[in-house]
2 protein chains.
Amino acid sequence: MTPDRCFSLLLALRSRPDTTVAALAEDTGVSERTVMRDLRWLQDAGFPVLARRGRYGGVSMLPGAALDTSRLTPPEREHLALTGLDEDQRRRLGVEAVSDRARRKVAGARSGDGLLAVGDLVVSDNRPWFGRDPGGVSPAALIGDLRRGVRLKVHYERTGRPPQWRTVDPYGLLAKGGRWYLVADEAGTPRLLNLLKIDRWEPLRTARRLRPDVRLADVAAELTSGWETAGDLEVHLRIQAYQVERAQRILGSRLTLGEPEPDGTTPGVLRCRVLEDVRQILAFADSATVTGPPEARDHLKALAQRIVDHYR
Amino acid sequence: MTPDRCFSLLLALRSRPDTTVAALAEDTGVSERTVMRDLRWLQDAGFPVLARRGRYGGVSMLPGAALDTSRLTPPEREHLALTGLDEDQRRRLGVEAVSDRARRKVAGARSGDGLLAVGDLVVSDNRPWFGRDPGGVSPAALIGDLRRGVRLKVHYERTGRPPQWRTVDPYGLLAKGGRWYLVADEAGTPRLLNLLKIDRWEPLRTARRLRPDVRLADVAAELTSGWETAGDLEVHLRIQAYQVERAQRILGSRLTLGEPEPDGTTPGVLRCRVLEDVRQILAFADSATVTGPPEARDHLKALAQRIVDHYR
DNA sequence: AGAGAACCTGACAGATCCCGTCAGGTTTCG
DNA sequence: CGAAACCTGACGGGATCTGTCAGGTTCTCT
């Protein structure tokens with residue numbers, strides 16, 4: 001890893017909501033293996049880089065990440081500042097934690113700083129979310145305390161009520177449908193807390209207490225299993241730039257928008273209670289295009305065909 | 001240069017208002033030569049690092065600098081992003097500027113991106129200023145446009161008047177007595193503009209037009225030569241932490257404070273019109289110590305001796 | 001269930017470049 | 001003038017970085 005490529009990668013990750021190792025290799029002119037090594041380095045250093053394997057997988061920086069190393073936790077700073085120092089130098093500095101590189105020299109082990117890996121604290125399907133800061137608490141800001149594995153106090157606003165402090169044991173974050181949620185147990189009961197409704201939080205000194213043998217993915221699945229059953233359908237679409245503002249007005253908060261793309265369209269996700277709700281998109285004629293799921297495309301096409309037939 | 005030492009240096013520079021190459025070498029565990037190479041790299045990459053040669057010299061980050069590479073100018077980003085790319089890769093990216101490293105490979109030359117060096121745009125005596133953000137526009141924010149060598153429009157508040165836009169041709173920045181000034185010509189007339197009184201500025205597309213054979217150091221000297229003659233004396237002192245607030249109240253805006261030090265004192269600079277003004281410091285007895293200039297120390301001692309004699 | 005798209009890891013040889021040392025230079029202040 | 005500070009080039013040795021290769025795991029869609 002060279003410093004210039006380090007910054008280059010950070011800039012690339014920050015400027016795009018999602019990318020792949022292949023694309024980063026293309027941009028930086030090195031092999032994919034090298035990019036993967038670099039990404040590993042960034043993750044070990046504490047940058048909130050998330051990699052997702054599998055179809056539609058890729059690499060991204062958690063939303064809200066600033067290239068500001070002052071956000072790093074003390075062990076992370078030590079990781080940066082102290083790698084390369086020998087035992088004597090570290091003793092003189094009075095630092096007990098062994099840097100990752102020193103440890104690797106001895107045993108080739110991963111970082112032993114007691115922090116949880118970002119990849120273990122975020123669950124999402126590989127459907128792209130959008131890099132633009134969705135408002136509220138940012139995932140990148142929260143991930144620091146999640147990595148420490150501590151209990152949190154969260155200032156949360158339930159719908160229709162004033163915000164209240166709630167103490168939770170977090171499993172991690174869930175990204176779904178363009179939204180971020182904190183997945184946690186509250187007095188042993190699993191909860192999803194929308195980051196939009198968290199205006200601030202505090203870490204407690206107590207370690208988080210999780211139910212035995214229960215993982216983030218399990219809890220997230222358990223809490224979202226009813227979503228499709230409740231008819232919560234996410235329709236993915238692309239909107240021409242000149243119609244975006246109108247779409248926001250008409251579709252309101254059910255529409256979540258991504259970053260404008262070079263081809264002049266803006267991707268978005270429309271939350272529908274039933275399939276029939278896609279009829280609202282008809283108002284945009286061909287300036288909005290449904291891209292998924294297939295049944296939404298088919299239904300929209302069928303509705304349009306009925307209109308055509310009606311005027312024969 | 002390794003990435004971890006790169007961040008380590010940035011953090012060290014940011015956390016201390018002033019340091020030396022020797023101290024940085026001690027901290028990072030490498031030789032002074034290596035630290036100097038690293039600092040050169042950081043400067044070439046666009047970080048607002050300033051090195052001052054000579055007695056009381058040292059290295060510092062311009063006040064207000066954030067470790068945010070998005071502040072870098074486009075050529076600076078290219079410098080980071082494109083070093084290591086071969087000609088074909090750069091051609092595919094459509095980038096004309098040759099990266100520093102590619103150029104070094106060919107001819108060992110310095111960066112040819114057309115930007116002025118930070119060291120050529122800042123003049124100060126080596127008396128330490130203080131790293132704490134002094135308020136107003138920050139030097140680190142302004143230095144980016146100064147490096148491009150363009151004319152500026154500055155929103156400036158002259159004493160007793162509402163702020164007005166003024167068009168200036170900048171030579172650079174002056175640090176003196178804990179304050180930062182923009183040194184510029186305004187319609188051919190040299191001016192010092194206190195950064196505290198600039199609330200915003202805009203770069204213009206026009207290149208700056210400077211008087212032939214006139215340099216930053218010349219203009220700064222010309223504009224400040226009357227300061228001592230006008231009796232503007234800067235008295236350096238150290239104040240015990242528990243008296244700092246009282247000192248601020250009594251001495252007001254003539255007192256400029258630095259960062260508290262580990263020994264429990266806070267350094268400061270008191271602007272006096274005449275030497276006799278140091279008498280105000282008597283109020284602090286031994287909880288404030290004058291460190292310079294020598295005549296200020298002598299005079300304060302003499303004043304104290306008179307008081308002692310008076311009570312015999 | 002299988003295919004394809006995506007990340008992940010270890011090993012190895014070769015190339016690159018980084019580092020420390022050394023020598024000598026310039027600048028600033030008391 | 002001396003000391004404290006940064007600056008630069010050259011060189012040899014060693015560290016580490018990179019690309020290649022092989023094989024693995026995960027996720028989604030058909």
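Letters A, B, ... mirror the listed sequences (proteins, then strands); counts begin at 1. Side chains are part of it too, since the values below use all heavy atoms of this structure and drop only hydrogens, waters and symmetry mates.
- D:dC7 atom C1' lies 13 Å from atom CG of B:Asp44, rounded to whole Å.
- With rounding to whole Å, B:Arg297 atom CZ is found 14 Å from C:dG30 atom P.
- As rounded to whole Å, 11 Å separates atom P of D:dC6 from atom CG of B:Leu13.
- Note that CE of B:Met1 is 10.0 Å distant from SG of A:Cys6, once rounded to the nearest 0.5 Å.
- Between the CG atom of A:Leu39 and the P atom of C:dA6 there is a distance of 15 Å, rounded to whole Å.
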Between the protein and nucleotides 19-21 of chain C, are there any N/O to N/O pairs under 3.5 Å, and if so, what are the atom names and distances?
unit_1	atom_1	unit_2	atom_2	d
C:dC19	OP1	B:Arg5	NH1	2.8
C:dC19	OP1	B:Arg5	NH2	2.4
C:dC19	OP2	B:Met1	N	2.9
C:dC19	OP2	B:Arg5	NH2	3.3
C:dG20	OP2	B:Ser31	N	2.9
C:dG20	OP2	B:Ser31	OG	2.8
C:dG20	OP2	B:Thr34	OG1	2.3
C:dG20	O6	B:Arg37	NH2	2.5

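- Within 6.0 Å of CZ in B:Arg238 there are more than 12 heavy atoms belonging to other residues, nucleotides or ligands.
- In this structure, B:Met36 places its CE atom 18 Å from P of C:dG24, rounding to the nearest Å.
- A salt bridge links B:Asp18 to B:Arg52: at least one charged side-chain nitrogen sits closer than 4.0 Å to a carboxylate oxygen.
- What separates CH2 of B:Trp41 from P of D:dC6 is a distance of 20 Å, to the nearest Å.
- Here the side chain of A:Arg297 pairs a donor or acceptor atom with the backbone of A:Val290 at under 3.5 angstrom.
- The CZ atom of B:Arg5 sits 12.5 Å away from the CG atom of B:Asp27 when rounded to the nearest 0.5 Å.
- Taken from CZ in B:Phe47 to CG in B:Leu9, the straight-line distance is 11.0 Å, to the nearest 0.5 Å.
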Distances for protein N or O near nucleotides 25-28 of chain C N or O, under 3.5 Å:
unit_1	atom_1	unit_2	atom_2	d
C:dT27	O2	B:Gly54	N	3.2
C:dT28	O2	B:Arg55	N	2.8

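- Relative orientation of the B:Phe7 and A:Trp41 rings is parallel, given thresholds of 30° and 60° on the angle between their planes.
- As a whole-Å value, the separation of B:Asp4 CG from D:dT16 P is 10 Å.
- Of all the heavy atoms in B:Gln43 and B:Val49, the pair that sits closest is NE2-O, 3.3 Å.
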